[in-house]
Amino acid sequence: MVIKNPILTVSAVSPKQYPTDHLPEIVLVGKSNVGKSSFINTLVNRKKLARTSSEPGKTRQINFYNMDNLFYLVDLPGYGYSKMSKQEQAKVGSFIEEYLQKSKEIALIVFVIDIRHEPTANDKLMYDYIFKTNLPCLVIANKADKIAITKVEGTVKHLQEILNPLNDISFLPFSSERKIYTQKVWEELEKYFLKK
């Protein structure tokens, strides 16, 4: 899939700012610094569409990226950043919850985790929360370049056994460095926004 003109349409802090053009929304959820911005930039082959930062907890709004008027990639604030005050963490949590409850256009939730680490308590809570929304979900095991290529498949299976023992959700590896996984991710995303 080639996106020719991806645009950051709005950085919303309340439901009245969400787009109203009824395009499907593919939503990115993950802890701070898990690489959601790099994931967006790699998918659309841009270096700076989504701002990346080595400092976790930078995204404090909900960013809606219009993908050629086909769908929105929606980047939610990262959760679980320890240096945020409890008040800020609660605010980020309420942003995420409000969006997931109020948006009527969510086609898919993409839950981004770090392939190098077993899911944290926060990750498990978020996974359970997503599961309870009954919305379709895809799990991306990001930063696959940080482990040996021969271990990627087994590690993804291991993470699935922890989070999704029923094996009823797709888990895919991803890496902004090794772009070999991008096509497979696009094939999965297309199921949710291309009109059949």
Side-chain angles (χ1 to χ4, degrees), residues 1-31 34-46 49-50 59 61-79 92-113 119 123 125-142 156 159-160 163-164 166-174 176 179 181-196:
M1 183 89 194
V2 177
I3 298 293
K4 294 187 175 135
N5 190 28
I7 300 167
L8 173 59
T9 304
V10 66
S11 295
V13 292
S14 75
K16 61 177 177 283
Q17 295 172 303
Y18 301 166
T20 55
D21 47 10
H22 305 297
L23 291 176
E25 293 170 5
I26 291 179
V27 186
L28 301 181
V29 179
K31 67 184 171 202
V34 78
K36 299 194 305 303
S37 299
S38 298
F39 174 80
I40 294 168
N41 290 335
T42 303
L43 274 187
V44 299
N45 204 19
R46 294 285 193 282
L49 177 67
T59 306
Q61 303 101 5
I62 301 170
N63 291 325
F64 289 81
Y65 297 92
N66 184 311
M67 299 288 149
D68 288 352
N69 289 321
L70 291 168
F71 70 101
Y72 284 102
L73 263 181
V74 183
D75 186 14
L76 295 185
Y79 59 81
V92 164
S94 67
F95 263 2
I96 295 170
E97 203 169 325
E98 184 174 45
Y99 170 76
L100 292 177
Q101 286 174 354
K102 296 207 170 162
S103 175
K104 302 285 186 273
E105 312 302 336
I106 297 172
L108 174 69
I109 295 178
V110 177
F111 183 32
V112 185
I113 59 175
D123 291 332
L125 280 172
M126 180 51 74
Y127 177 81
D128 289 344
Y129 184 82
I130 293 167
F131 186 76
K132 286 177 185 144
T133 66
N134 284 322
L135 291 161
C137 179
L138 165 67
V139 178
I140 294 291
N142 200 20
V156 171
L159 291 169
Q160 181 150 25
L163 278 176
N164 178 235
L166 294 175
N167 284 337
D168 57 353
I169 287 172
S170 293
F171 277 58
L172 294 175
F174 193 82
S176 298
K179 298 189 167 59
Y181 307 108
T182 307
Q183 183 57 34
K184 185 79 185 141
V185 170
W186 269 122
E187 285 167 15
E188 199 62 32
L189 297 184
E190 282 169 7
K191 296 175 187 174
Y192 295 93
F193 69 83
L194 284 184
K195 302 286 186 284
K196 300 288 180 264

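Note: hydrogens, waters and symmetry copies are ignored here, and every other heavy atom, side chains too, is used.
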| said: Within the 3.5 Å criterion, strictly below it, is a donor on D123 or Y79 matched to an acceptor on the partner's side chain? | reply: yes
| L49 backbone acceptor or donor facing N41 side chain under 3.5 Å | yes
| field | Check: Y18 ring centroid to F64 ring centroid under 6.0 Å | value | yes
| request: Specify the closest pair of heavy atoms between N63 and S11, including all atoms of both residues, with the distance to one decimal. | output: OD1-OG, 2.6 Å
| So, does N142 use its side chain to make a donor-acceptor pair with the main chain of V34 at under 3.5 Å? | yes
| request: Decide if atom OH of Y129 counts as having more than 12 heavy atoms of other residues, nucleotides or ligands within a radius under 6.0 Å. | output: yes
| remark: In terms of heavy-atom contacts, S170 and L138 come closest through O-CD1, 3.4 Å
| Under 3.5 Å, side chain of S38 to main-chain N/O of G35, donor-acceptor pair present? | no
| query | How close do P173 and Y181 get, heavy atom to heavy atom, and via which atoms? | reply | O-CB, 3.3 Å
| note | Applying side-chain contact (heavy atoms from CB on, under 4.5 Å) to N69 and not counting sequence neighbours gives L23, N66
| field | Heavy-atom pair of closest approach, residues P119 and L163 | value | CG-CG, 3.7 Å
| request: Give a yes or no on whether a salt bridge exists between D68 and K4, defined as a side-chain N under 4.0 angstrom from a carboxylate O. | output: no
| note | Scanning both residues in full, the closest heavy-atom pair of V10 with Q17 reads CG1-O, 3.7 Å
| Is it true that a side-chain atom of N164 and a backbone atom of D168 form a donor plus acceptor pair closer than 3.5 Å? | yes
| Results of ring pair (Phe, Tyr, Trp, His ring centres under 6.0 Å) for F111 - residues two or more places apart only | none
| If you look at every heavy atom in E25 and S103, which pair is closest and at what distance? | OE1-OG, 2.7 Å
| request: Name all residues meeting the side chain to side chain donor-acceptor pair (under 3.5 Å) criterion together with E105; count only those two or more places apart in sequence or in a different chain, and write none if there are none. | output: H22
